[in-house]
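Just so you know, these numbers use all the heavy atoms, side chains as well, and skip hydrogens, waters and symmetry mates. We name chains A, B, ... by the order of the sequence lines, and we start the count at 1 in each one. Fair warning: this is a prediction, and the values are worked out from it, not measured in the lab.
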Amino acid sequence: MATVSQSSKLGNVLWPALAWTIALVFFFPIFWLVFTSFKTDADAVKPEFLFFFTPTLENYTNMTQNYDYWRFATNSVITSSFATLFALVVGVPAAYAMAFNPSRHTKDILMWMLSTKMLPAAAVLYPMTFLTKNMLQIYDTHFLVILVLCLINLPIVIWMLFTYFKEIPKEIIEAGKMDGVNTWGEIKDILIPLAWGGIASTALLTFIFCWNEAYWTVRLTTIDAATLSTLIEGNRAPEGLFFGRLAAVSTAAVAPIVILGWFCQKQLVAGLTFGAVK
Amino acid sequence: MSNRTLPRLLQTPAVILLLIWMLVPLSMTLYFSFIRYVLNSSRRPEWMSPSLSNWRGFGNYQYVLEAKDFWFAIQNSVFIVSSILICTVVLGLGIAVLVNKSFPGRGIVRVLLISPFFVMPAVNAVLWINMILDPVLGLQGIAVGGINDTIEGLRDFPVLGAFFNLWPTFEPISFRATQTSAYAVIMMVAWQWTPFAVLIFMTSLQSEDESQKEAATLDGASAWSQFINLTVPHLARPIAIVVMIQSIFHLSLYAEIEIVSRGSGNKNLPYLIGEFTNNNIGAASATGIFAVILANIIAIFLLRMVGKSLMD
């Protein structure tokens, strides 16, 4: 008995200490990014100022001048918000139809929708450029980025909403039907209020995915509709001279999303595994 | 019957949108993969626009299959993806089991652990390759320099100095180089995706049957044998799902490869497609079709697993 209690006492200290150490190691690169953003460009590369330096906000105050940050950030906000909104506008009715009026094909349709998400984007790189640049002339427009972001996230949106809607008892919707509520009324007055939490977390997660999208947003834009991904990728190799300012603009690009992400860990599992892990 | 028609019609916009999104660009890729189509050719200007008269049959496929870069890209993709998978699954399992116990500050630990997953790929790559891995100015360079200085200093000591004289001077590794760029990508992507594995394994661990474990403890089973015989089988399905989802995502890695070395020594199929797209659209399209086939092989297994859990 003595050994058991001793080892568990030791374990009571060791396990948490180990967990904390690993967590801090994993968080360290992010910490380092934020930490570096408060150093001047000159200090950021000097070993003698590795941990002790005079913090400055100049990298943040000069962000507009150095990188035109706000233009890219505005584009990110606009494209991610509208793409999320449109995905919900198309996705909510679709998921409603599948959850409450399933047919024999509902499962196949859902699976097929998911399969579109698994196509490698690069395979259609040239056709997309060709279509949008030469034929439709919508290359480098907000409209295009919103459309593409909406389409690549639509399968996940419908899936997540479908899993949330399935939890709602059918009888509630049926009762509405008895009272003579039409389909639009069912969605607006019964479904949306009931599934508000699920819809909100779907929106949040979609917004995060849109914000972090790095393939299409970079390849289908040049200046006008370029998002933060494009900005950072365009400044990939500063040759060490601008670590401070680069760290600041990177921090500004990821901070809102990392913080949003903290609030939707649970939904992330459902959203990324398509409900296959519960 | 008819009162179901309208509700069902509500899914048509989504279906039509996704159908167009899937079919139009992909059929163009398929078409381009069978014709000669280059963007710049002073010798054969007729190849510069897509036309059926430039039909090449499987010529583009043959060209791609004979290209050294293609096989290198396939090999390298497999190497990168499997390395990332091993790192994330092993680390993910360990960390998930560790964090699954309750201890003070567990909520904060979870928040710290999950954070890397939300960093956008471009920032992830820029941060790692510059501020952490740079051989001179990054933490790696500074750390190696510090170690060398310390050894240098210790060499002057009596007795001990003789020992430290045997030590070599360490060279920092340049992760932008041809031989090492793949490792940089593996490192940064594994850092980003381990949290994903942790999160999924943790979700799954919470549904583990505790009574079975208690019985095993009473029977005197060690913690390790419980882990191997009870926890790992319980996690078999989430592991499979983590592996497949990550494979699909990592087969199309792009931003990290571009930022680390612009593909030098470290190409994958999407990167190769990008390079072909600068001129040889036929070859780019044929490579694209290969990429689609490769992704579909994995997607079929994943979809089958997802489908099983769909309707219950």
Side-chain angles (χ1 to χ4, degrees), chain A residues 15-16 18-20 22-23 26-27 29-30 32-33 36 45 47 50 90 93-94 96-98 101 107 111 113-116 118-128 151 154 158 183 208 212 214-215 229 232-233 236 240 243 250 253-254 257-258 261-262 265 268-269 273-277, chain B residues 4 6-8 10-11 13-14 17-18 21-22 25-26 28-29 95 98-99 101 103-104 109 111-116 118-123 126-127 131-132 134 137 142 199-200 203-204 238 241 248 252 254-255 259 270 273 277 281 284 288 291-292 295 299 303 305-307 309-311:
Chain A
W15 282 96
L18 191 58
W20 269 97
I22 291 175
F26 263 85
F27 193 75
I30 298 177
W32 195 249
L33 183 74
T36 310
V45 294
L50 198 58
V90 179
Y96 159 82
M98 291 175 177
N101 294 286
K107 187 179 169 182
M111 302 299 277
M113 284 181 166
L114 262 196
S115 73
T116 66
M118 296 171 189
L119 287 173
V124 292
L125 170 62
Y126 184 72
M128 283 301 288
L151 286 170
L154 193 54
I158 294 178
T183 306
I208 293 175
N212 286 353
Y215 192 78
S229 282
I232 306 291
E233 203 173 313
R236 64 173 80 87
F243 277 12
S250 302
V254 298
I257 289 307
V258 172
W262 291 343
Q265 299 175 32
L268 185 73
V269 177
T273 63
F274 317 114
V277 172
Chain B
R4 288 195 149 191
L6 174 67
R8 277 192 191 159
L10 289 174
Q11 65 194 35
L17 276 175
L18 285 174
W21 168 238
M22 186 185 82
L26 198 58
M28 285 172 78
T29 298
I95 297 175
L98 191 63
V99 182
K101 299 171 187 278
F103 57 85
V109 163
V111 163
L112 293 178
L113 272 173
I114 190 66
S115 301
F118 297 109
V119 173
M120 63 167 71
V123 168
V126 164
L127 157 69
M131 286 149 221
I132 296 181
D134 192 277
L137 305 164
I142 292 173
L199 205 57
I200 287 181
T203 310
S204 182
I241 286 168
I248 288 170
S252 24
Y254 195 98
I259 290 171
I273 293 170
T277 302
I281 303 304
V292 170
L303 285 173
M305 279 205 124
V306 172
S309 64
L310 171 59
M311 286 305 175

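- With a 4.5 angstrom heavy-atom cutoff, B:Leu18 touches chain A via backbone and side-chain atoms both.
- Only the side chain of B:Ile95 has a heavy atom closer than 4.5 Å to any heavy atom of chain A.
- A:Asn212 places no side-chain N or O within 3.5 Å of a backbone atom of B:Pro121 that could act as its donor or acceptor partner.
- Residue A:Trp32 touches chain B through its side chain alone, counting heavy-atom pairs closer than 4.5 Å.
- Heavy-atom distances place the side chain of A:Leu125, and not its backbone, under 4.5 Å from chain B.
- Contacts between B:Leu17 and chain A at a heavy-atom distance below 4.5 Å involve backbone atoms as well as side-chain atoms.
- For B:Leu303, the side-chain contact (heavy atoms from CB on, under 4.5 Å) test picks out A:Met111, A:Leu114, A:Ser115, A:Met118, with sequence neighbours left out.
- If you measure heavy-atom distances from A:Leu119 to chain B, the contacts under 4.5 Å come from the side chain alone.
- In this structure, chain B has a heavy atom under 4.5 Å from the side chain of A:Ile208, while its backbone stays farther away.
- For chain A, the option among B:Thr277, B:Val111, B:Val292, B:Val99 with the highest count of heavy-atom pairs below 4.5 Å is B:Val111.
- B:Leu98 touches chain A through backbone and side chain together, each having a heavy atom under 4.5 Å away.
- With a 4.5 angstrom heavy-atom cutoff, B:Ile200 touches chain A via backbone and side-chain atoms both.
- For the side-chain contact (heavy atoms from CB on, under 4.5 Å) criterion with B:Leu112, the lone passing option out of A:Trp262, A:Phe26, A:Phe27 is A:Phe27.
- Between chain B and the options A:Val254, A:Thr36, A:Ile158, heavy-atom pairs under 4.5 Å are most frequent for A:Val254.
- Both the backbone and the side chain of B:Leu26 have a heavy atom closer than 4.5 Å to some heavy atom of chain A.
- Neither the backbone nor the side chain of B:Ala284 comes within contact range of chain A, judged by heavy atoms closer than 4.5 Å.
- Residue contact with chain B, scored on non-hydrogen atoms closer than 4.5 Å, involves the side chain of A:Leu154 exclusively.
- B:Ser252 contributes no side-chain N or O that, together with a main-chain N or O of A:Pro120, makes up a donor-acceptor pair within less than 3.5 Å.
- With sequence neighbours excluded, the residues satisfying side-chain hydrogen bond (donor to acceptor under 3.5 Å, both in side chains) with A:Tyr96 are A:Glu186.
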